[in-house]
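For clarity, every value in this text was computed on a predicted model and none was experimentally measured. Letters go in sequence order (proteins before strands), and every chain restarts at 1.
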Number of protein chains: 2
Amino acid sequence: MTDPRQSALDYAHTHRGRFLEELKQLLAIPSISTSPTYKNNMQQASQWVADHLGSMQMTGVKVYPPESHPIVYAEWLGAGSEAPTVLIYGHYDVQPADPLDEWTTPPFEPTERNHNLYARGASDMKGQVMATFKAVEAIMRTSTLPVNVKFVIEGEEEVGSPHLADFIREHQKLLACDVCLNTDTGMLAPDKPTITYALRGLAYFELHLYGASQDLHSGLYGGVVHNPAQVLCELIAGMHDEQGQVTLPGFYDKVLPLDEEERVELSRLPLDERFYLGQTGVPQLWGEKGYTPVERIGARPTLEVNGIYSGFIEEGAKTVLPAFAMAKISTRLVPNQEPAEVELQLREYLENHAPPTVRWELINMIGGPASLSDRNSPAIKALSSAQRMVWGVPPLFKREGGSVPVVTQLQEILGVSSVNTGFGLPDDHLHGPNEKLHLPTWYKGIDTLIHFLFNLRQP
Amino acid sequence: MTDPRQSALDYAHTHRGRFLEELKQLLAIPSISTSPTYKNNMQQASQWVADHLGSMQMTGVKVYPPESHPIVYAEWLGAGSEAPTVLIYGHYDVQPADPLDEWTTPPFEPTERNHNLYARGASDMKGQVMATFKAVEAIMRTSTLPVNVKFVIEGEEEVGSPHLADFIREHQKLLACDVCLNTDTGMLAPDKPTITYALRGLAYFELHLYGASQDLHSGLYGGVVHNPAQVLCELIAGMHDEQGQVTLPGFYDKVLPLDEEERVELSRLPLDERFYLGQTGVPQLWGEKGYTPVERIGARPTLEVNGIYSGFIEEGAKTVLPAFAMAKISTRLVPNQEPAEVELQLREYLENHAPPTVRWELINMIGGPASLSDRNSPAIKALSSAQRMVWGVPPLFKREGGSVPVVTQLQEILGVSSVNTGFGLPDDHLHGPNEKLHLPTWYKGIDTLIHFLFNLRQP
């Protein structure tokens with residue numbers, strides 16, 4: 001009897017040409033979620049995904065129309081209630097393609113060059129979504145899926161998934177599962193399969209300062225009124241100390257420290273100072289003293305000014321003493337910080353430091369805690385072992401500095417952990433011109449996901 | 001023989017009704033210089049002024065067409081080269097009238113109510129210009145002007161007099177004079193004639209900070225890159241110490257200190273803490289310790305943030321780590337500070353404090369020194385004595401916190417001091433809806449100017 005795992009791999013290898021053509025079909029649809037101009041294309045892409053899932057013998061295929069862009073759901077529960085159920089997350093929407101004149105070939109005419117497929121969404125993340133589809137198809141066409149699968153493919157990831165939490169909350173029974181597979185994080189190099197086991201949380205605020213009842217003439221009043229722009233600068237300047245640490249009272253109290261083993265592991269990642277200097281173009285790096293760049297990004301909380309405004313910012317010179325100043329300030333959180341507690345800490349800081357010469361107001365915009373997966377969970381072991389089978393090396397374990405809303409939402413609403421991986425590379429130009437997908441890595445990704453699905457049942 | 005002074009005063013009193021009608025004619029022309037919409041009205045107003053000066057038997061009336069709005073010139077040099085020559089400055093342009101629905105009567109339909117004349121420009125400064133015209137007319141119709149006069153009435157004051165310096169530079173011989181009368185500053189109360197003997201200078205800069213080569217994701221890079229918005233806040237926060245003093249190196253070195261006599265005089269002005277709290281609506285005043293509000297505004301230099309910008313400032317939450325941050329920063333200067341030196345001081349501060357994690361650039365936008373008139377000069381004594389004759393009390397001597405470009409330009413280019421006064425009141429709503437002119441004060445102003453012109457020759 002043939003090994004079903006090998007049969008699925010053989011099928012995937014034989015059909016690579018067709019897989020690529022199908023991916024090109026999906027990539028040709030400009031499903032840009034950030035602009036209403038592409039509303040029809042969003043419908044077209046969601047229908048394409050639904051049809052494709054249907055053609056794979058998925059059941060319960062349904063296009064859920066949220067307020068804006070549809071969520072496509074499909075499932076196959078034939079493995080029975082004994083078997084684990086994997087929720088496979090993805091998104092079919094893409095970023096805008098501008099500046100168009102910087103693309104070598106048009107963003108929605110997928111083109112192969114040097115083992116890469118160039119198109120908007122090739123790496124982020126239509127290619128990744130198709131890898132999950134093709135892995136499932138390969139197994140279903142050659143034997144039987146060893147686990148139950150549920151697909152949730154949304155169309156609003158690039159605009160912050162504004163309706164996804166409500167969808168999950170309203171469909172908890174439908175979405176019930178043991179683990180989520182999220183292929184929306186990448187790998188560090190073509191020979192370095194990667195698992196992202198930690199994501200930072202987020203607490204985002206807007207701080208408003210009010211001075212005089214209206215803008216004043218800076219000559220006639222400069223010297224008697226505390227300028228809200230100056231006060232804002234003073235408050236923000238005080239939010240970091242000379243060690244680069246955040247000064248909000250109690251900010252580090254609950255921060256889970258890194259243990260030595262994990263620090264050693266993180267130090268192996270190819271993410272040293274030179275890497276970040278090259279990526280950013282800054283003359284010199286900065287950050288909390290006592291930690292490496294990768295530790296500061298993945299395992300330490302930070303506070304950033306995302307925007308700041310006051311007074312006259314057009315061309316020219318207006319001698320105004322502004323009545324109002326505003327900053328958008330966000331903190332990236334690590335386990336076990338709580339966004340609600342950080343808000344209280346920021347309020348306490350402001351109460352302690354805002355002078356009586358201005359009035360202030362703090363608005364809490366977004367909050368979500370960090371996530372940290374157990375690197376020894378069965379699902380992560382299944383993926384890690386699959387990556388080792390395909391690449392011949394164990395994966396790198398990476399902490400990511402960003403926040404992925406769906407990971408937090410699934411954890412908070414369904415209590416489900418996500419396994420975060422993907423087959424995109426650092427030079428894929430996500431969100432930029434000439435986005436591409438490295439095809440040899442993509443094919444390895446499909447193989448990896450086949451192994452993963454089998455490993456979940458037969459570790 | 002009748003006293004020529006008394007004859008002129010009698011004439012002015014007899015013709016008040018006509019003076020008012022003529023002022024209304026000028027006020028009815030919407031000569032708004034800030035918008036090209038009113039270009040024809042600007043022509044119309046400049047022609048009205050030229051015709052009016054011509055009707056007064058002025059000679060050499062000429063409308064100088066600068067690049068945008070005309071400057072009207074006229075002179076009468078019949079007093080001979082022995083007599084002093086007074087340059088009378090004014091402007092016929094006005095601020096926009098919006099919001100229109102807050103006006104009780106339309107801004108360009110001058111209307112009398114309760115001894116006030118309501119119209120845009122009534123106080124700032126068509127009323128003041130007409131007071132100078134009518135004083136000169138009253139003397140010329142009843143005897144002979146004791147001094148030579150030259151009128152320069154411009155049309156761009158409300159947009160910062162962008163072409164006036166060039167005009168003065170190119171017409172130095174035409175404009176040669178002994179003193180300038182500028183009625184564009186006001187008085188502190190209807191019973192308090194006022195002379196403004198000091199104006200602050202200005203040095204205006206734009207500071208640019210550059211971090212990464214493009215905006216970054218605040219999650220993926222927060223912790224390794226020094227946020228330019230944060231650096232900008234730190235730099236600005238450091239520009240004041242806890243005493244409210246500016247920390248630029250050497251900033252106070254050349255500041256002319258206030259002597260005790262002047263402090264006592266300034267303390268008599270009705271400009272106490274309560275006044276500024278009421279004017280501004282701030283919860284508490286602020287400023288350099290050791291000085292009263294009026295001293296801080298008039299006699300001490302200050303540094304203000306006029307505008308600040310970085311990153312995402314639209315509605316919503318974008319997790320960007322900005323690549324760029326900008327601030328508009330200006331200093332108000334007092335004698336004997338030099339704008340060029342202040343630029344060097346600011347550069348030195350930035351060189352000492354800007355961290356090596358960002359690049360910076362400083363642009364010098366505008367610079368002009370402060371002006372301080374000798375309160376014992378013949379012209380100020382002539383005005384002071386005229387005010388005492390009309391009001392029965394000596395004038396208040398006021399330092400003003402703002403800068404008046406023409407005063408600085410005349411000083412720098414022609415070496416001529418200005419006598420700054422005017423008959424507008426603090427509640428005239430300059431630049432706002434329902435601007436008005438207090439007519440009893442205006443009539444007193446005409447009388448004052450008649451006395452002033454005589455006093456210049458017969459102190």
Please identify, among B/G211, B/S213, B/S218, the residue contributing the most non-hydrogen atom pairs under 4.5 Å to chain A. B/S218
Below 4.5 Å from any heavy atom of chain B, which atoms of A/L202 appear? Answer side chain, backbone, both or neither. side chain
Against chain B, label A/Y309 side chain, backbone, both or neither, depending on which of its atoms sit under 4.5 Å from a heavy atom there. both
Can you tell which part of A/I313 gets under 4.5 Å to a heavy atom of chain B, answering side chain, backbone, both or neither? both
Please flag which part of A/H226 lies under 4.5 Å from any non-hydrogen atom of chain B: side chain, backbone, both or neither. both
When only pairs under 4.5 Å are counted, which of B/Y210, B/W286, B/Y221 shares the most heavy-atom pairs with chain A? B/W286
With a 4.5 angstrom heavy-atom cut-off, is it the side chain or the backbone of A/H431 that approaches chain B, or both, or neither? neither
Side chain, backbone, both or neither: which part of A/R300 has a non-hydrogen atom closer than 4.5 Å to chain B? neither
Donor-acceptor contact present, side-chain A/Y204 to main-chain B/K318, <3.5 Å: yes
Given that the side chain runs from C-beta out, which part of A/L216 has a heavy atom under 4.5 Å from chain B: side chain, backbone, both or neither? side chain
Interface moiety of A/E314 toward chain B, non-hydrogen atoms closer than 4.5 Å: backbone
Interchain contact, A/E400 with chain B, by part (heavy-atom threshold 4.5 Å): side chain
Check whether A/V294 gets within reach of chain B through its side chain, its backbone, both or neither, counting any heavy atom under 4.5 Å. neither
Please state whether the side chain, the backbone, both or neither of A/T280 comes within less than 4.5 Å of a heavy atom of chain B. both
